[in-house]
Amino acid sequence: MASRAARLLPLLLLLGGCSGASILRPGGPISANNRTILLNSLVIMLAIIIPTMIATLAFAWWFRAGNDKARHRPEFVYSGRIELIVWSIPLLTILFLSGLIWIGSHDLDPARPIASKAPPLEVQVVSLDWKWLFVYPAQGIATLNQPVIPAGVPIRFRLTSASVMNSFFVPRLGSQIYTMNGMATTLHLQADRPGSYYGQSAHYSGDGFSDMNFRLQAVPAADFTRWVAGVKAAGGLLDGPAYAQLARQSQHEPAKHWGAVQPGLFDRVVAQHLPPAPGPEQGRDGQPQISPGTAE
Amino acid sequence: MFGKLTWSAIPFSQPIPLIAAGGVALALFAVLGWITAKGHWPYLWKEWITSVDHKRIGVMYVLLGLVMLLRGFVDAIMMRTQQATAIGHAQGYLPPEHYDQIFSAHGTIMIFFGAMPVIIGLMNFVVPLQLGVRDVAFPTLNSTSFWLTASGALLVNMSLVIGEFARTGWLPYAPLSETTYSPGVGVDYYVWAIQISGVGTLMSGINLVTTILKLRAPGMSYLRMPMFCWTALGANMLIVAAFPILTATLGMLALDRYLGFHFFTNEAGGNMMMFVNLIWAWGHPEVYILILPAFGIFSEVISTFSSKPLFGYRSMVAATLFIVVVSFTVWLHHFFTMGAGGDVNAAFGIATSIIAVGTGVKIYNWLFTMYGGRLRFPTPMLWSIAFLMTFIIGGMTGVLLAVPPADFMLHNSMFLVAHFHNVINSGVIFGAFAGITFWFPKAFGFRLDETWGKMAFWLTLAGFLIVFGALYVLGLEGMTRRLQHIDFTEWAPWLYVSVGGIGVMMLGVASQIVQIVVSIRNREALRDETGDPWDGRSLEWATSSPPPVFNFAVLPRVHGEEPYWTIKRTALESQGLGDEPDYEPIEMPRNSATGVATAFFATLIGFAMIWSIWWLAALGFVGAYATFVVFAWRDEEEKAIPAEEVARIDRVRRAARQAWLDANREQPA
């Protein structure tokens with residue numbers, strides 16, 4: 001099965017044009033496994049779908065009214081044997097696929113740690129209107145819209161939202177997961193090689209949603225340590241008041257760094273000790289903004 | 001006095017909605033002016049607006065649906081062109097606050113006010129005819145259902161110029177839809193439009209379920225009902241079970257927004273995940289509400305044009321009921337990415353794939369219906385073959401999305417957008433077009449022009465394949481949906497391809513319009529004299545085209561699965577139509593303005609609630625209640641059609657059938 005899938009791959013890549021965000025060009029173990037399951041399922045189903053499509057066209061052509069060679073059998077309206085087959089084929093296919101689903105869902109559960117000799121690095125992610133905050137608790141630093149991770153090291157993302165739902169998605173690294181206020185979700189990803197990976201919010205979150213994309217930089221471990229030191233040296237403190245300021249709605253935010261982060265900031269956001277973001281500034285206090293025309 | 005409503009609600013600074021609204025208003029006034037000038041108002045009022053005839057209501061439903069499909073298609077054109085012109089540093093021509101309304105309105109209009117009315121309209125028109133009865137169980141309720149749907153459609157379209165529409169997507173996920181993040185009236189427009197039309201849909205579901213369970217021609221047992229009636233029964237049972245969930249969910253959202261409740265808020269113990277759960281507990285059955293009747297249409301069309309009964313009829317009934325039950329157990333696949341864990345995701349992934357078994361069985365049975373047939377290929381059959389070919393692909397991508405690890409990468413992507421447009425277009429929309437072309441002669445007495453119909457078919461199919469083929473690729477390329485501008489320039493080529501595709505689709509839509517115009521002009525040449533233009537098999541073809549108000553002068557006696565086919569065979573074998581029956585007077589329900597009056601007051605309530613005009617809401621409520629009281633205390637509910645009149649009408653039909661018999665005398669099949 002895997003070899004057939006592999007043979008199909010070049011065709012799909014050709015179709016996909018192989019762009020820098022393609023989910024068919026995995027950059028890590030999670031996306032590689034996701035892709036394998038995707039392609040295996042595709043091949044299993046194509047095995048029955050292609051013959052069905054050919055049969056449809058063949059029957060429609062052969063039994064056309066003008067074809068005298070075709071035998072007209074108006075009484076052929078039931079056959080126990082055919083019914084047995086038409087229930088069995090989809091049922092067996094789905095049974096087969098169900099095994100794949102069961103195993104895949106457990107193996108690739110986003111909360112499941114990636115087996116690796118390297119200890120995982122924890123990165124805390126907060127989706128804000130409309131930007132991404134990345135906190136590195138062990139390093140005590142934070143960045144806005146510019147995640148940097150060491151390549152070859154499993155990353156344990158813990159995610160939440162300051163306001164509405166978003167979905168954290170780096171296509172070439174694999175699985176996405178929702179961010180929700182008052183809750184934390186967990187996602188394990190890893191970039192095998194250094195590089196720049198396109199990432200975005202995959203769940204619509206309001207007017208600034210289209211700008212919620214970023215480039216995730218995977219760098220060699222040594223470079224990562226150097227980068228952390230650089231951010232620390234540059235200074236700046238992300239604490240409660242600074243976070244509250246950050247949580248106000250804004251778009252096109254440039255990348256930003258904080259050399260120090262108040263410990264437990266992420267957990268205080270999850271526990272709503274830092275309150276949910278206020279939403280649009282205009283239209284509050286009983287004067288709702290009623291038409292987009294009046295917004296500015 | 002007018003709540004939040006002020007002149008600032010009209011977007012004078014926004015040329016696009018103003019010009020669009022101006023155009024619509026101009027067209028509307030032109031039509032109204034033309035009706036007034038020609039003096040058609042009394043006719044419209046008596047024959048259509050207050051009509052409780054299921055055929056008239058069905059036609060009005062389909063007409064409303066088609067107009068709204070066109071409206072939603074305009075949104076689609078704007079979305080495709082906006083994305084293609086907003087790549088890199090470009091921003092296109094629609095700012096986010098406008099673009100976000102457009103994709104929200106597109107989904108809302110297409111599902112609630114386009115696809116649903118067309119499908120419900122076809123069921124309304126066809127089901128009583130196929131069952132061999134004179135009307136639905138509750139004719140006045142039927143009229144009320146339709147007008148409430150129209151009221152919802154009106155409110156959604158008013159939001160174009162008065163205020164704004166929701167900027168939340170077609171399902172207003174909390175907490176984005178809560179007042180904190182959506183303080184405007186957009187979400188309120190959504191809530192009230194869907195609540196009002198949702199009540200209409202629920203009543204329509206109750207009506208059709210009752211009709212199918214309680215009103216059938218003598219001898220028509222459940223296992224003699226045409227396949228379309230079975231799928232209609234399935235769909236309407238789903239409506240009865242699922243729509244209350246929608247009403248309750250939006251009711252809770254309204255309580256949050258209006259009275260400061262905390263069902264789905266971030267604060268005070270609200271739970272946004274519950275909104276997502278509840279809305280999809282309705283939302284997933286909803287897609288089967290749309291697709292099941294379409295499956296019924298394809299069953300009728302493929303059987304008729306293969307000149308064969310439907311293959312594996314009982315198996316098809318079983319597959320339909322299987323889908324009805326399983327459709328309620330799969331909703332969680334809409335949020336595998338919420339982090340529920342392996343067991344839950346796997347269970348719902350498997351349940352979702354299992355639903356494909358029922359659909360697979362249906363596809364094979366349609367194939368074997370064609371096997372051994374004598375296939376004709378008029379437009380309805382072309383739509384059906386295209387459905388078989390493309391729906392399989394949509395089903396396959398659906399099962400791919402049901403595999404959680406694959407969904408983790410495809411969720412909310414353009415691949416998902418391509419998937420559901422694939423199944424809804426090739427299933428519901430192709431089905432609707434097949435059904436409309438198939439039953440058009442029954443409704444209006446003349447066929448639709450085949451040349452333009454085929455042109456429309458090929459253009460629509462080609463455009464559809466190009467647009468959604470490109471979107472599938474974009475999804476694999478990692479592109480997510482609902483982007484107002486695209487920072488990632490590598491997606492550009494496929495976005496351009498999809499714009500080209502929608503251009504082809506526009507030509508298809510234009511051909512459909514030309515088809516209708518040409519057909520009306522050539523109606524004498526396209527006239528259906530016999531009432532049976534396609535050599536049909538079920539009872540609707542036993543009536544004249546269009547059928548008389550009472551459908552059947554004498555209710556037919558049913559002896560098998562294909563009653564009208566049997567009647568035709570018997571007539572050909574015995575070389576006669578049989579003796580003229582004893583005609584009796586027929587009691588038919590009277591016209592009633594109840595439906596349109598209720599909807600008028602419901603519109604007032606909706607508009608008043610949206611804009612917080614409390615006195616108007618109270619007035620609307622009192623008016624609606626008064627309408628109900630007046631209807632409940634009516635004296636006469638039926639009018640009798642005398643036996644002579646019934647005989648006169650039916651003799652015309654018998655004469656046409658006799659002429660058909662004489663023409664076929666030489667070659668009995």
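A quick note: this is a predicted structure, and the numbers were derived from the prediction, not measured. Letters A, B, ... are given to chains in the order of the sequence lines, protein chains preceding strands, and every chain is numbered from 1.
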Less than 4.5 Å apart, any side-chain heavy atom of [X] and any of [Y]?
| X | Y | value |
| --- | --- | --- |
| A:M165 | B:L176 | no |
| A:P276 | B:E267 | yes |
| A:V77 | B:Y313 | no |
| A:R73 | B:K308 | no |
| A:R64 | B:F377 | yes |
| A:N213 | B:F488 | no |

With a 4.5 angstrom heavy-atom cut-off, which part of [X] approaches chain B: side chain, backbone, both or neither?
| X | result |
| --- | --- |
| A:M212 | neither |
| A:S205 | backbone |
| A:L187 | neither |
| A:D129 | side chain |
| A:I177 | both |
| A:I37 | side chain |
| A:A111 | neither |
| A:Q272 | side chain |
| A:A55 | both |
| A:N181 | both |
| A:I82 | side chain |
| A:S201 | backbone |
| A:F169 | side chain |
| A:R71 | backbone |

Heavy-atom pair of closest approach, residues [X] and [Y]:
| X | Y | result |
| --- | --- | --- |
| B:Y181 | A:A162 | OH-O, 4.2 Å |
| B:S307 | A:P74 | O-CB, 4.3 Å |
| B:I392 | A:M53 | CD1-CG, 3.9 Å |
| A:H72 | B:S306 | CE1-O, 4.4 Å |
| B:T180 | A:P280 | O-CD, 3.1 Å |
| B:P404 | A:S105 | CG-OG, 3.2 Å |

Between [X] and chain A, which part of the residue has a heavy atom less than 4.5 Å away: side chain, backbone, both or neither?
| X | value |
| --- | --- |
| B:A340 | neither |
| B:S413 | neither |
| B:R481 | backbone |
| B:A402 | backbone |
| B:I486 | neither |
| B:M396 | both |
| B:D407 | backbone |
| B:L474 | neither |

Is the [X] to [Y] ring centre distance short of 6.0 Å?
| X | Y | value |
| --- | --- | --- |
| A:Y198 | B:W491 | yes |
| B:F311 | A:Y78 | no |
| A:Y178 | B:H411 | yes |
| B:F103 | A:Y204 | yes |

Top of [options] for chain A proximity - count of heavy-atom pairs under 4.5 angstrom:
| options | answer |
| --- | --- |
| B:S177, B:P95, B:G169, B:A319 | B:A319 |
| B:M370, B:M381, B:Q484, B:M389 | B:M389 |
| B:N345, B:N266, B:V276 | B:N266 |
| B:P309, B:G469, B:P96, B:P405 | B:P405 |

- Candidates B:V403, B:V399, B:L400 - the one meeting side-chain contact (heavy atoms from CB on, under 4.5 Å) with A:L42: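 Option passing the side-chain contact (heavy atoms from CB on, under 4.5 Å) with A:L42: B:L400.
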When rounded to the nearest 0.5 angstrom, what is the spacing between [atom1] in [X] and [atom2] in [Y]?
| X | Y | atom1 | atom2 | answer |
| --- | --- | --- | --- | --- |
| B:L375 | A:N67 | CG | CG | 10.5 Å |
| B:I393 | A:M45 | CD1 | CE | 12.0 Å |
| B:F336 | A:S175 | CZ | OG | 12.5 Å |
| A:F63 | B:T369 | CZ | OG1 | 12.0 Å |
| A:L97 | B:S353 | CG | OG | 5.5 Å |
| A:L38 | B:L476 | CG | CG | 7.0 Å |

- Query: Heavy-atom count around B:Y371 OH within 6.0 Å, excluding the residue itself: above 12?
  - Reply: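 Open.
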- Message: Shorter than 4.5 Å, heavy atoms on both sides: which option in A:G206, A:S167, A:S79, A:S163 has the most such pairs with chain B?
- Response: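 Most heavy-atom pairs under 4.5 Å with chain B: A:S163.
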- Task: For A:N34 and B:A406, indicate whether the former's side chain and the latter's backbone hold a donor-acceptor pair under 3.5 Å.
- Result: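 Not a single qualifying donor-acceptor pair exists.
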- Task: Show your working on side-chain contact (heavy atoms from CB on, under 4.5 Å) between A:W102 and B:D343 and close with a plain yes or no.
- Result: CA-CA 8 Å; A:W102 184 265; B:D343 290 344; 3.9 Å; yes
Just by distance, with hydrogens left out, do [X] and [Y] show a side-chain donor and acceptor under 3.5 Å apart?
| X | Y | value |
| --- | --- | --- |
| B:Y99 | A:D207 | no |
| B:Y364 | A:T52 | yes |
| A:D211 | B:H485 | yes |
| B:S315 | A:E83 | yes |

